[in-house]
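Working notes for the structure below.
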Number of protein chains: 2
Amino acid sequence: MATIRELARLCGVSPATVSRVFNNPEVVNARTRDEVLRAAQQIGYQPNASARTLATKKSSMVGLVWDTDHRRPGWRHPYFQEILIGLKTALSGRGYHLLLLATSEEKPEESYVHAVRRHNLDGVVMIDSGNRDPSLGYLAESGIACVSLDRPLEGPRTTYVTSDNVGGARQAVRHLYEQGRRSIATISGPAGTGPGTDRLRGYVEELAALGLSQRPEHVVEGDFYLSGGVAAMRRLLRAPEQPDAVFVAGDEMAVGALRAIAEAGLKVPEDIAVVGFDDIELAGLVIPGLTTVAQDKAGIGAAAAEAVVAMINGADAPPPQVLPTTLVVRGSSRL
Amino acid sequence: MATIRELARLCGVSPATVSRVFNNPEVVNARTRDEVLRAAQQIGYQPNASARTLATKKSSMVGLVWDTDHRRPGWRHPYFQEILIGLKTALSGRGYHLLLLATSEEKPEESYVHAVRRHNLDGVVMIDSGNRDPSLGYLAESGIACVSLDRPLEGPRTTYVTSDNVGGARQAVRHLYEQGRRSIATISGPAGTGPGTDRLRGYVEELAALGLSQRPEHVVEGDFYLSGGVAAMRRLLRAPEQPDAVFVAGDEMAVGALRAIAEAGLKVPEDIAVVGFDDIELAGLVIPGLTTVAQDKAGIGAAAAEAVVAMINGADAPPPQVLPTTLVVRGSSRL
DNA sequence: CTGAAAGCGCTTACAG
DNA sequence: CTGAAAGCGCTTACAG
């Protein structure tokens, strides 16, 4: 309500001085600074964000690109909620607000770029819901500070944050080995996705490192959903040599695998041990509890916030950040 | 990049005319309008949001107040993600963006109100995570268009949206009755919350309507979390007369109840039938599947969007909106 | 350390 | 139907 002009008059200074009190306090006389601050407090002065943005070309807002098209339900993954909150919290702490961008309906090449310009967004974070969206590329090339989650991106001021999918998968396989399992199968994620391919690579690498041979029929591709996990597990159970363990590249699929195993009259972990990936809430709720490779969801959000703010502040694009995972051992893998 | 002035010069008209083309197209000559539109398209002109907001005092942004304090994990409820998306989608369709407001760290009475003023937010939606936040009251009284979810609110331009918690609870109890159950217990939500008290009321009312007597020891209060459901169910199992059915006021608690029942060596639904509330993803994933009263999460978000936009457009505060629930019957209640 | 002035990019009565 | 002008509330060289 109160404007900078009113506050200035009240304190007997110019608007410029008031502005300096808020933006460059060290250059103004301590006594007047305190007085302005006190008066501002008293009348509840709040600098108008639009006026400031108009003058500075900076909005203190970061856009979130998150394709939530209902026809492609990748966004429902419960994992995103915690990432979102981690992102919001870390951004808030650095003085930025998060603006949820409408999913593009107009020409995709331009929609996000336009939104960024219209609102003078300082940066953008994009969540990869697995929906292939060409407009992300345009954003990345537009020159805005841009960090994506789980998906490498080309562009001048671009980086990405992801979990150590390869390392996590290796942890999982090693754990199964240490539990005495020697015939370890995997249900992978979709081949097109970063996490899908990386977790599969980790599986392959660790098998080799352990000196176990890899059987083609022990690798089945899933889709990250429960039903895909069920189907994939059924196929594994029909393999000539039935595995005694399976590393599943996502918790939802892993729950599906548990179901398929139960349906076949087999026991977890006695007959088949199961390890998932993600550590969604569900992992701790099924019986037996699902051993899984936990992603640091809040950490991913925070790392994205940190990276985008660094670039906004003029830093070069930081290298991709790969966050460590943690193996959470529950009943599904331990006798 | 391009400004209204450049576009105007390009078309040989005044900036005022260009402005009218975008804000009041019907008043400008059709030929010039088309020409301006075409030129705008061509040079990729995007009206600057800050300049517009500064001039009009309207931002086309709605704030989301969502307390995600990590010490109080109410916000983790998976239900919020779908509401959030429903809200965002419906808001986008009406030309509004959603701004996630930082949780207040400064004096709560002012923080949100300040954010609203700074950014000229047109309206606010607040998610009640069950965290008692006094600042919400200040917001409601501040005169901004304001809709809250699941929590009645006093204020000049205020309304709220909620599921039919009473009716949903009655559906659940009636369903159990129709399955032949006559000793129906309940695990309620916390007494302080709207959904908690309403679902309990529905239970009580339907019991009465069915002519069943209500036993005090068959009503146990839970906390909406899994562990609370386990504890509450254990208490019910120690009751002098063991119930043959239980209506649980939230799905997470219901899963806890399933667990406590299994732990006691009893079978669901044979010994005890269970019905939950919410229809979170988990409900369809446990074995047996959890019968539950589904909330229309996307609908709640959409209704909130509609209400806030209506008030922004000058309508009086619409009456509270109570969305119907749907009983989803799964294995936990059906022999 | 401080002020006067110009400018950021729009919108909107007011005239015509 | 259109334009000139003032104004929205800030910031920031430029002088002093």
At under 4.0 Å, does any side-chain N or O of [X] touch on OP1 or OP2 of [N]?
X: A/Thr32; N: C/dT2; value: yes
X: B/Arg5; N: C/dG9; value: no
X: A/Thr56; N: D/dT11; value: no
X: B/Ser14; N: D/dT2; value: no

For a quick check of understanding: with a heavy-atom distance under 4.0 Å over all strands, which category does B/Tyr45 fall into, base, sugar-phosphate or nothing? sugar-phosphate
Reckon A/Thr3 touches a base, only the sugar-phosphate, or nothing at all at heavy-atom distances under 4.0 Å? sugar-phosphate
Distance criterion of 3.5 Å, no angle test: do you see the side chain of B/Arg118 paired donor-to-acceptor with the base of D/dG9? no
Taking [atom1] from [X] and [atom2] from [N], how many angstroms apart are they, rounded to a whole number?
X: A/Asn23; N: D/dT12; atom1: CG; atom2: P; value: 6 Å
X: A/Asn29; N: C/dT2; atom1: CG; atom2: C1'; value: 10 Å
X: A/Glu35; N: C/dC1; atom1: CD; atom2: C1'; value: 15 Å

Identify the residue among A/Thr32, A/Leu37, A/Val13 that makes a side chain to side chain contact (heavy atoms under 4.5 Å, CB included) with A/Val21. A/Leu37
Among C/dC10, D/dT11, C/dC1, the one nearest any side-chain atom of A/Ser19 is D/dT11
With both distances kept under 3.5 Å, what pairs with C/dC1, Watson-Crick or G-U wobble? D/dG16
For B/Ala55 and B/Gly12, take the nucleotide of DNA chain D holding the closest heavy atom to each; which residue's nucleotide lies nearer the 5' end? B/Gly12
Aromatic ring pairing A/Tyr45/A/Phe22, orientation class (parallel under 30°, perpendicular over 60°, tilted between): tilted
What distance do B/Gln295 atom CD and B/Ile83 atom CD1 have between them, rounded to the nearest 0.5 Å? 6.5 Å
